[in-house]
There are 2 protein chains.
Amino acid sequence: MLKLSKLTDYAVVVLVRLGDDFALQTSGGIAAATGVPEPTVAKVLKIMTTAGLVCSQRGARGGYRLAKPLSAIPVADVITAIDGPIALTACVEHSPAICDSSALCPVKGRWDRVNSAILDALSGISLADMRPPERDALSVVPMTEASAMPSYHPAGASVSTTAFVE
Amino acid sequence: MLKLSKLTDYAVVVLVRLGDDFALQTSGGIAAATGVPEPTVAKVLKIMTTAGLVCSQRGARGGYRLAKPLSAIPVADVITAIDGPIALTACVEHSPAICDSSALCPVKGRWDRVNSAILDALSGISLADMRPPERDALSVVPMTEASAMPSYHPAGASVSTTAFVE
DNA sequence: TCATTCAGGACCAAGCCAGTCCTGTTTTGG
DNA sequence: CCAAAACAGGACTGGCTTGGTCCTGAATGA
């Protein structure tokens, strides 16, 4: 596999959107602005709140706001928040030795290096790096017909989740 | 998710085992030596053959052999062979624009950087790097009771596929 | 000619993810 | 004080993917 969950993709979209405006934004408003279904936006934001990436304000006039600037949120944090700690296989360092043949396994402990390399790569890229630099408030599509806007589907509804390039 | 499929883990085990001996090895022999179920070994080796990582010899006295040394096989190639090209999301470079709202998507084209970073990391690690250096022929468990040897289960049969560390 | 071994699918069960919904709880505003 | 707005936290289900097995066919060597 080695592919991200859709929720992670949604999370990045939602967080980047949150980064466009420091005022409190409701889940419904973000859904309208991004095209992501509202229940899904709410789900993502709840996870992000638990992870401490966003702050929430309950009650009427409540909403969400980034807990820190986009540049301080590495992609790895978003992935970890949604998918759990990044561990390509069970045989990574610090994991309990659940291999029932750790003495036999010829690659014992060797996935650590791969895992660390990926973790490093993902820790070095922040959400700010994923925001198109030329995108400013003026270029946002006017929300005159939010319900008629094209919906954002990260993987294409009728195609396989992961595109097979090359 | 961001976890490897079990088949990929098996593939590394099988390939490293193949690298221990340049003579032709049968799928059954590899299964006995590694503890991986024989049908699964066969499946993995067929995929590896198609990918060109191993050479096969059909017929009686046939078997498999590495097509190139372990040091010339990056982990990325193994993953690509089993899971298809590494593409975290559908929004990676070269993929068809199947997002039905590419104009809206605020992270359009920005997963490329993440994807490239991971690809680079995986391309820089070879199977030789995953072979325990101190493991030589003498340290191999004697195959006197191959059927009684502990089986290799990369993720632990009774636990979740990916260990949640920390 | 026969046993051995790989080739290439088809196939099925199990597990996981995505997405929705429902019921609280908190806060604002009239 | 009440009602509406908005988040909190689960439960639930349908669909998809993966894992693992098996079966038939082709090639090779004895």
Side-chain angles (χ1 to χ4, degrees), chain A residues 1-11 14 18 23-32 36-52 54-65 79 82-84 89 151-162 164, chain B residues 1-11 14 18 23-32 36-52 54-65 79 82-84 89 151-162 164:
Chain A
M1 299 187 270
L2 199 64
K3 65 177 175 8
L4 296 174
S5 71
K6 275 191 185 178
L7 264 297
T8 305
D9 199 354
Y10 284 135
V14 167
L18 268 182
L24 254 58
Q25 302 181 53
T26 67
S27 60
I30 296 172
V36 178
E38 197 274 336
T40 301
V41 172
K43 187 175 191 172
V44 167
L45 283 172
K46 276 182 271 193
I47 296 172
M48 295 297 101
T49 303
T50 303
V54 307
C55 300
S56 64
Q57 173 70 36
R58 297 175 68 159
R61 291 303 190 95
Y64 294 94
R65 186 181 41 212
I79 296 175
I82 293 198
D83 293 333
T89 72
S151 297
Y152 172 59
H153 295 301
S158 59
V159 194
S160 66
T161 300
T162 304
F164 284 69
Chain B
M1 297 185 271
L2 197 64
K3 66 175 170 20
L4 295 174
S5 70
K6 274 190 186 176
L7 265 295
T8 305
D9 199 355
Y10 283 135
V14 168
L18 267 182
L24 254 58
Q25 302 182 54
T26 67
S27 60
I30 296 173
V36 178
E38 196 275 337
T40 301
V41 171
K43 187 175 192 174
V44 167
L45 283 171
K46 277 182 268 193
I47 298 173
M48 294 297 101
T49 303
T50 303
V54 307
C55 299
S56 65
Q57 173 70 36
R58 297 172 68 160
R61 290 303 189 94
Y64 296 94
R65 187 180 41 212
I79 296 175
I82 293 197
D83 294 332
T89 71
S151 298
Y152 172 59
H153 296 300
S158 59
V159 195
S160 65
T161 300
T162 304
F164 283 68

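To find a chain, count down the sequence lines: A is the first, B the second, and so on, and within it residues start at 1. Just so it is clear, the model here is predicted, and its values are computed rather than measured.
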Give a yes/no answer on whether the side chain of B:Y10 brings an N or O atom under 4.0 Å of OP1 or OP2 in D:dG19. no

If I take atom CG in residue B:L2 and atom C1' in nucleotide D:dT17, what distance separates them, rounded to the nearest angstrom? 17 Å

Does the side chain to side chain contact (heavy atoms under 4.5 Å, CB included) test come out yes or no for A:V54 and A:V14, once each step is laid out? CA-CA 11 Å; A:V54 307; A:V14 167; over 6 Å; no

Hey, does A:G63 reach any base, or is it just sugar-phosphate, or nothing, if we go heavy atoms under 4.0 Å? sugar-phosphate

Hey, is the side chain of B:S5 poking within less than 4.0 Å of OP1 or OP2 on D:dT17, counting only N and O atoms? no

Roughly how far, to the nearest 0.5 Å, is NZ of B:K3 from NZ of A:K3? 7.5 Å

Between D:dT17 atom P and B:L4 atom CG, what is the distance in whole Å? 18 Å

note: A:E38, atom CD; C:dC22, atom P; distance rounded to Å ~ 14 Å

Please check the phosphate of C:dC6 (OP1 and OP2 only) for any side-chain N or O of B:T49 closer than 4.0 Å. no

Could you tell me whether the side chain of B:L2 reaches within less than 4.5 Å of the side chain of A:T8, counting heavy atoms only? no

Is a donor-acceptor contact shorter than 3.5 angstrom present between the side chain of A:K46 and the base of D:dG9? yes

Length of the line joining A:L24:CG and D:dC7:P, which is rounded to integer Å: 8 Å

Using whole Å, what does the distance between atom P of nucleotide D:dT18 and atom CD1 of B:I82 come to? 11 Å

Using atom CG of A:D9 as one end and atom C1' of C:dG19 as the other, report the distance to the nearest whole Å. 15 Å

For a quick test of reading the model: is some side-chain N or O of B:Y64 closer than 4.0 Å to OP1 or OP2 of C:dA7? yes

Considering just the side-chain nitrogens and oxygens of B:K43, establish if one lies under 4.0 Å of OP1 or OP2 belonging to D:dG20. no

Quick one: B:I30 CD1 to C:dT5 C1', roughly how many Å, whole number? 12 Å

With axes from five pairs an end, tell me the bend angle of the helix from C:dT1-D:dA30 to C:dG30-D:dC1, nearest 10°. 10°

Considering only nitrogen or oxygen atoms on both sides, find all protein atoms under 3.5 Å from nucleotides 27-30 of chain C and state each distance.
from, atom 1, to, atom 2, distance (Å)
C:dT27, O2, A:A60, N, 3.1

Evaluate the side-chain proximity of A:I30 to A:V36: yes if any heavy-atom separation is below 4.5 Å, no if none is. no

Check whether any side-chain heavy atom of A:T89 lies under 4.5 Å from a side-chain heavy atom of B:K6, and answer yes or no. no

What is the minimum heavy-atom distance between A:Y10 and A:T40, and which atoms define it? CD1-CG2, 3.7 Å

All side chain to side chain contact (heavy atoms under 4.5 Å, CB included) counterparts of A:Q57, not counting sequence neighbours: A:L24

With a cut-off of less than 4.0 Å, is there a side-chain N or O of B:S27 near OP1 or OP2 of C:dC6? yes

Which is true for A:L7 with a 4.0 Å heavy-atom rule: it touches a base, it touches only sugar-phosphate, or it touches nothing? sugar-phosphate

Looking at every heavy atom in both B:A31 and B:E38, which two are closest together, and how far apart are they? CB-CA, 3.6 Å

Given C:dA7, is OP1 or OP2 found less than 4.0 Å from the side-chain N or O atoms of B:T50? no

Here the distance between atom P of C:dA18 and atom CD1 of A:I47, to the nearest Å, is 9 Å

Quick one: closest heavy-atom pair of B:S56 and B:T49, and the distance? OG-CG2, 3.8 Å

On a heavy-atom basis, which atom in A:I82 and which in A:S5 lie closest, and how many Å separate them? CG2-OG, 3.8 Å

